Structures are given as structure tokens and as C-alpha cells.
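We number each residue from 1, following the sequence as shown. Just so it is clear, the model here is predicted, and its values are computed rather than measured. Atoms within each ligand, like the ligands themselves, are counted from 1 in listed order.
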Amino acid sequence: MVTLGIETSCDETAAAVIRNGRILSNIVSSSVSLHEKYGGVIPEIASRFHIEYLSRVTKKALKKAGITFKDLDQVAVTERPGLPGSLLTGKSFAKALSYSLGIPLVGVDHLAAHLYANFLVDSPRAIRYPFIGAVVSGGHTNIFICRGSFKDLALIGRTRDDAIGEAFDKVAKILDIGYPGGPRIEKYARRVKKSPINFPRTYLDKDSFDFSLSGLKTAVLYYVKNRKMSRGEISRISWSFQEAIFDVLTEKIVRACKKFSIKEIVLGGGVIANMRLRARLKVVCNALGYKLFYPPPSLCADNAAMVAGLGERLLKKEV
Ligand code: KG4
Ligand code: ZN
């Protein structure tokens with residue numbers, strides 16, 4: 001079975017081909033450089049980019065997979081959530097393809113696809129339910145319980161203001177180190193391990209799995225104000241900011257596992273590419289005997305392989 005996946009929920013125009021769970025091609029074209037001067041994604045620019053690139057990216061994915069449109073058995077597309085204009089471009093394109101080729105179309109939840117990215121490797125790892133799923137990206141900071149199907153993610157925690165990736169992007173803007181902020185902050189933070197700045201950690205109510213990043217963001221803003229920014233100072237701020245966020249994220253994921261007696265954790269989203277976060281969670285999970293899944297870095301950020309993969313398993317009613 002050959003599935004074409006299409007992903008256009010934000011600023012990545014992506015197409016991928018999967019054959020029975022194996023990635024044959026995974027093409028991503030990003031409009032990120034067009035948004036850089038604004039420090040965040042401009043929806044109108046993203047939609048226009050998708051319209052321009054969708055067809056090209058799809059043809060490239062088919063060529064790399066060594067197939068033609070006629071070899072496709074189905075099309076999977078990101079249905080929700082995302083920027084409405086961006087989603088619409090991908091859905092219209094996928095719908096037209098499925099109609100003209102006479103093959104099924106399956107709509108895929110973007111957040112479920114981020115989690116599914118863990119099971120998209122050449123020798124597919126077994127999915128074990130129930131698990132705590134955490135999607136941590138520029139648009140989302142969501143904690144789910146998945147009890148027995150990727151179609152059924154129960155949301156138990158989310159951000160009340162900024163998403164974690166968004167906070168990385170905004171703090172990077174304050175520090176004037178470019179966009180997207182996550183990889184830049186991680187790089188600066190790697191240079192320092194001492195003299196941290198004590199930024200606030202917001203845990204909200206005792207039993208809450210929600211997040212709030214605005215206090216931390218404001219604390220960074222005030223710290224930076226009227227201070228001379230050397231590379232060393234940027235590194236210290238990056239390290240301290242990152243640790244503050246990861247303290248809260250780690251604590252909430254572990255707390256969710258304890259509360260619901262679940263020992264499997266599945267992670268997804270752009271922020272999960274952060275090596276410091278992976279290392280911290282690994283240490284905690286080893287100590288507690290939890291099983292931790294995170295995708296390879298290339299499958300953490302938005303891509304269409306995760307969409308095609310989940311779409312294929314959904315159509316086969318396997319997940
Ligand atoms: O999943 P993604 O590609 O797109 C969304 O659905 O949002 O995530 C992009 C986000 C950006 O905010 C970016 O700054 C963040 O993920 N990010 C990181 C890292 N790499 C990307 N955040 C922290 N550390 C990283 N290494
Ligand atoms: Zn995403």
C-alpha cells in the first residue's frame with residue numbers, strides 16, 4: 001500500500017511517500033526565512049507559500065520515491081489543527097488529487113501525527129497503550145492520555161498563553177539572536193553550565209497539567225532591559241530560561257504518569273529536538289522505570305511522513 005502525505009498546517013509545505021510503514025521520501029520546504037524578520041509566522045505569507053510550493057514538493061516526493069501518481073493507493077492530509085488558510089491549501093490540494101486519481105482521502109490530526117512520528121522507523125516500534133503523549137512545538141504545548149487509539153487523545157493539559165516553542169522564539173527575539181529561537185537558544189545554552197539566573201517557574205494549581213509561560217518571558221525581558229548583552233550573558237540567559245521551562249515540563253509529564261499510573265511517555269513536536277530536554281527526561285525516566293519515546297530530530301518538526309504514516313494505519317484501522 002502506497003500513501004502520499006501532505007502537511008501544510010503552519011509554515012512548512014511538506015509531502016512524503018510511505019509504503020507499508022516505510023518512508024520512501026520525505027520532502028519539506030519551509031517558508032521560515034520569509035517570517036524571520038517578523039520573529040514569528042505571518043499566516044498570509046505562509047498560505048501563499050503553500051500555494052506556490054505544494055505541487056513542486058509533491059512531485060519531488062514522488063520522484064524521490066521512484067513512483068508516479070498512478071502508483072498511489074491513498075492520500076493523507078493534515079486536517080486540523082493549524083492556521084486556517086494554510087490548512088485549506090493542503091486540504092484542497094489533497095482532495096483534488098484523491099478525486100482525480102479515484103483513491104481514498106484520509107484526514108489526519110496534526111498532533112496525533114507528531115506523536116505517531118515515533119513509530120515511523122524502518123523497523124516499526126510497537127505502540128503500547130496507554131501512554132502519556134506530549135506535543136511540544138511552536139503552536140502547541142499539550143499533554144494527552146492515549147488509552148487505546150490515536151483517534152482518541154484525551155487532553156489533560158495545555159498552555160494558557162504561549163506555546164513552549166513560541167516562548168523560545170520570543171525570548172530569542174528579545175535576545176536578538178534570530179528565528180526560529182529554539183535551536184539558537186539551545187546552542188547558546190550549551191556554552192554554559194554554571195551561574196544560572198533564577199527565572200520563575202510557573203506550576204499553576206497543584207493538580208494542574210496546564211502551562212503558563214508569560215511570567216517567565218516577562219522576567220527575561222526585565223532582566224535584559226538596560227543590561228549590556230555579551231555572548232556570555234546571552235548564554236547564561238539561554239541556559240537559565242531553558243532550565244526553567246524544562247523543570248516545569250518534566251515535572252508535569254512525570255506527575256501525569258504518576259496520577260494515571262502510566263509508564264509510557266511519547267513525545268513529539270519541534271521542541272523535542274532539543275538534546276538537553278531529551279537528556280533530562282531520559283534521566284528521570286530511567287530512575288522511575290518509565291519508557292520514553294522521542295522521534296529522530298528530523299521527524300520532530302513538521303513533516304508529511306508522520307501524516308502519511310498515521311493516515312495509512314488509520315485507513316487500515318490499525319491504530
Ligand atoms: O513542530 P514545529 O516544527 O512546528 C509547529 O507545529 O509549531 O515546531 C517549531 C518550534 C519552534 O517554535 C522552534 O523554536 C521550536 O519548535 N524548536 C526548538 C528546537 N528546535 C525547534 N525549541 C527548543 N529547542 C530546539 N532545539
Ligand atoms: Zn507541528
Worksheet item: Relative to the heavy atoms of G139, which atoms of ligand 1 are at a distance of less than 4.0 Å?
Response: 7 (O)
Discussion item. Tell me whether R48 is salt-bridged to E52, with the criterion being a basic N under 4.0 Å from an acidic carboxylate O.
Written reply: no
Worksheet entry | Contacting atoms of ligand 1, where contact means under 4.0 angstrom from a heavy atom of G138 | 5 (C), 7 (O), 8 (O), 9 (C), 10 (C), 12 (O)
Item to complete: Provide the number and element of each atom of ligand 1 under 4.0 Å from a heavy atom of E186.
Response: 25 (C), 26 (N)
Worksheet entry | Heavy-atom neighbours of K217 NZ exceed 12 at 6.0 Å | yes
Worksheet item: Of the backbone and side-chain N, O or S atoms of H110, does one lie nearer to the Zn ion (ligand 2) than 2.8 Å?
Response: yes
Worksheet item: Taking it one step at a time, do D109 and R80 satisfy salt bridge (charged side-chain N to carboxylate O under 4.0 Å, His left out)?
Response: CA-CA 5 Å; D109 182 288; R80 74 188 106 71; 3.1 Å; yes
Item to complete: Just go through D302, N274, V271 and tell me whose heavy atom is the nearest to atom 15 (C) of ligand 1.
Response: V271
Worksheet item: Hey, does F168 come in under 3.5 Å of ligand 1, counting only N/O atoms on both sides?
Response: no
Item to complete: Report yes if some N/O of A273 lies less than 3.5 Å from some N/O of ligand 1; otherwise report no.
Response: no
Worksheet item: Between the side chain of N118 and the main-chain N/O of L267, is any donor-acceptor distance below 3.5 Å?
Response: yes
Fill in: Between Q242 and N274, a side-chain donor and acceptor under 3.5 Å
yes
Fill in: Any side-chain donor near an acceptor of the partner, D302 and H114, under 3.5 Å
yes
Worksheet item: Is G270 close to ligand 1, meaning an N/O of one under 3.5 Å from an N/O of the other?
Response: yes
Fill in: E12 N/O to ligand 1 N/O under 3.5 Å
no
Item to complete: Classify the contact between H140 and ligand 1 as side chain, backbone, both or neither, using a heavy-atom distance cut-off of under 4.0 Å.
Response: neither
Discussion item. Need the ligand 1 atom indices (1-based, order shown) with element for anything under 4.0 Å from a heavy-atom of G165.
Written reply: 12 (O), 14 (O)
Worksheet item: Does a salt bridge link K291 with E264, judged by any charged N lying under 4.0 Å from a carboxylate O?
Response: no
Item to complete: Taking the Zn ion (ligand 2) as the reference point, name the nearest N/O/S atom of H114.
Response: NE2
Worksheet item: Against heavy atoms of G181, which atoms of ligand 1 measure under 4.0 Å?
Response: 14 (O)
Worksheet, complete the sentence: H114 heavy atoms within 4.0 Å reach ligand 1 at atoms 1 (O)
Worksheet entry | Polar side chain donor-acceptor pair, E12 to Y53, under 3.5 angstrom | no
Worksheet item: Does R201 make a cation-pi contact with F199, if we ask for NZ or CZ under 6.0 Å from the ring centre and within 45° of the axis?
Response: no
Item to complete: Before accepting this row, confirm whether a basic side-chain N of the pair D247/R280 lies closer than 4.0 Å to the acidic partner's carboxylate O.
Response: yes
Practice prompt. Measure from the Zn ion (ligand 2) to every N/O/S atom of D302 and report the name of the nearest one.
Written response: OD1
Fill in: Distance-only donor-acceptor check, side chains E79 and H110, under 3.5 Å
no
Practice prompt. Ignoring angles and geometry beyond distance, decide whether G269 reaches within less than 3.5 Å of ligand 1 through its nitrogen or oxygen atoms.
Written response: no
Practice prompt. Mind checking whether D169 contacts ligand 1 via backbone (N, CA, C, O), side chain (CB onward), both or neither, at a 4.0 Å heavy-atom cut-off?
Written response: side chain
Worksheet, complete the sentence: Nearest non-hydrogen protein atom to atom 22 (N) of ligand 1, with distance, is G182 CA, 3.3 Å
